[in-house]
2 protein chains.
Amino acid sequence: MPWRDDTGPPWWHGKFRGCGYRLTVSRQAILDVLSKITEHPSAEEIYLEVHKVYPAIGLTTVYRTLELLVQAGLIFKFDFGDGRARYELSEGPKSIGHHHHLVCIGCGRIIDYTDFIDEEIELLRKTKKGLSKKYNFKITNHLIQFHGLCGKCQ
Amino acid sequence: MPWRDDTGPPWWHGKFRGCGYRLTVSRQAILDVLSKITEHPSAEEIYLEVHKVYPAIGLTTVYRTLELLVQAGLIFKFDFGDGRARYELSEGPKSIGHHHHLVCIGCGRIIDYTDFIDEEIELLRKTKKGLSKKYNFKITNHLIQFHGLCGKCQ
DNA sequence: ATCTTATTGACAATGATTTCCATCTTCATT
DNA sequence: AATGAAGATGGAAATCATTGTCAATAAGAT
């Protein structure tokens, strides 16, 4: 289990209990994998990774858990146009921090960038505020992506 | 056909011939439907709409044509998280102009907004320039969406 | 009018995600 | 520590958007 070699339960422990969810082996294993992966794994990739350490896991459970984690705000779900959803931890000790994505339409490579993030966040904050008021919309999330060709694909 | 009651061929005629594509009945019908719809239709919705005026159309052709139009830059393809791609004319006489989307995660409603678009575009331009240089990335497109709950769903 | 070749449509195939349901865990309560 | 109710699980089957196949058709250059 994730915190066997640590001083206490992992940071998401409280999140779970707080939302009324049960802290199961599958969920811990999935979150554990997500917190160690730096890419943008699909459900199946997460399944395969979890399967290495917890072979009893089922793909269905992975899908269900990911859905749950998205609802709980612990992870983000992205569509990079390759026909499968991809996931990423939204925050946490090992998080690389808020970032957006550059998507290569040639090879599918994803580049996380944090450049200009401050200006982007600032503008998003303003826009979010204005839109919320004008359209009576409760904004919970935003998405910014740039699509194009990476160096290798040009 | 689209231009039967008009003075000349529709604006996309040249685009097609210029790219070496053939201007077929199916393609005209699909573009015609797209230029009249103000929502964000899925491939099947487009198929059903075209089918009313041109019953011989096949769903496969709709998918192929949409793919083609995306490549040609005539339409944009979006994923609003409901499991099917949605399409929208990128420009043209009846276009509402450049806009971004507000996606309700409750009922799936999409709101097109143009507020703050100028600031957004300006920031995107700067960001795009910086990212292109830093990552040697040729950016062809961007995506901005806000997700949340609309008035009815709160 | 003819010919070359892109395009089409019906059907089958694919593949990610969901549904079903009987069984197993979690954890609040004893 | 034992119990029990509700939540969670996993394997197989089902769903459903999208893509591949291929013989037949139509666009448009000649």
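First the proteins, then the strands, lettered A, B, ... as listed; each starts at 1.
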Task: Closest listed nucleotide, where the reference is the side chain of B:Thr61 and the choices are D:dA27, C:dT8, D:dT9 - done: C:dT8
Open item on the list: Please confirm whether the ring centroid of B:Phe78 lies under 6.0 Å from the ring centroid of B:His40.
Closed with: no
TODO: State which of C:dT26, D:dT18, C:dT7 makes the closest approach to the side chain of B:Ala85.
DONE: D:dT18
Open item on the list: Need to verify one output field. Residue with the more 5' nearest nucleotide on DNA chain D, B:Glu44 or A:Ala56?
Closed with: A:Ala56
Task: Whole-Å gap separating P (D:dT18) and CD (B:Glu67) - done: 11 Å
Open item on the list: Side chain of B:Ile57, heavy atoms from C-beta onward: which of D:dG10, C:dG9, D:dT18 has the nearest atom to it?
Closed with: C:dG9
Open item on the list: Of the listed nucleotides (C:dT26, D:dA27, C:dT8), which one gets closest to any side-chain atom of B:Arg27?
Closed with: C:dT8
TODO: Could you check B:Arg86, B:Gln145, B:His147, B:Glu88 and say which one makes a side-chain hydrogen bond (donor to acceptor under 3.5 Å, both in side chains) with B:His101?
DONE: B:Glu88
Open item on the list: In this structure, how many angstroms lie between the C1' atom of C:dT8 and the OH atom of B:Tyr47, rounded?
Closed with: 13 Å
Open item on the list: Nearest whole Å is fine: how far is C:dT7 P from B:Leu66 CG?
Closed with: 15 Å
Task: Euclidean distance, atom CG of residue B:Leu68 to atom P of D:dT19 [Å, nearest integer] - done: 13 Å
Open item on the list: Between P on C:dT17 and CG on A:Asp79, what's the gap in Å once rounded to a whole number?
Closed with: 9 Å
- [ ] Answer with base, sugar-phosphate or nothing: what part of the nucleic acid does B:Tyr54 contact at a heavy-atom distance below 4.0 Å?
- [x] sugar-phosphate
Open item on the list: So B:Thr24 and B:Thr61, do their side chains get closer than 4.5 Å, heavy atoms only?
Closed with: no
- [ ] For B:Gln28 and C:dT7, give me the distance from atom CD to atom P, rounded to whole Å.
- [x] 13 Å
Open item on the list: Expressed as a whole number of angstroms, how long is the span from A:Leu59:CG to D:dA14:C1'?
Closed with: 15 Å
Task: Side chain of B:Arg84 (C-beta onward), nearest among D:dA8, C:dG9, D:dT18 - done: D:dT18
Open item on the list: Among D:dA17, C:dT26, D:dA26, which nucleotide has an atom closest to any side-chain atom of B:Arg22?
Closed with: D:dA26
Open item on the list: Any donor-acceptor pair, under 3.5 Å, between the side chain of A:Arg64 and the base of D:dG10, if you only look at N and O atoms?
Closed with: yes
Open item on the list: Measuring to OP1 and OP2 of D:dT18, would you say a side-chain N or O of B:Tyr63 lies under 4.0 angstrom away?
Closed with: yes
- [ ] Supply the atom-to-atom distance A:Gln154 CD to B:Asn136 CG, rounded to the nearest 0.5 angstrom.
- [x] 5.0 Å
- [ ] Using only side-chain N and O atoms of B:Ser26, determine if any of them is under 4.0 Å from OP1 or OP2 of C:dG9.
- [x] yes
Open item on the list: A side-chain contact here means heavy atoms from C-beta on lying under 4.5 Å apart; do A:Ile144 and B:His142 qualify?
Closed with: no
- [ ] Could you tell me the separation between the CD1 atom of A:Ile46 and the P atom of C:dA16, rounded to a whole number of Å?
- [x] 14 Å
Open item on the list: Distance criterion of 3.5 Å, no angle test: do you see the side chain of A:Thr60 paired donor-to-acceptor with the base of D:dA12?
Closed with: yes
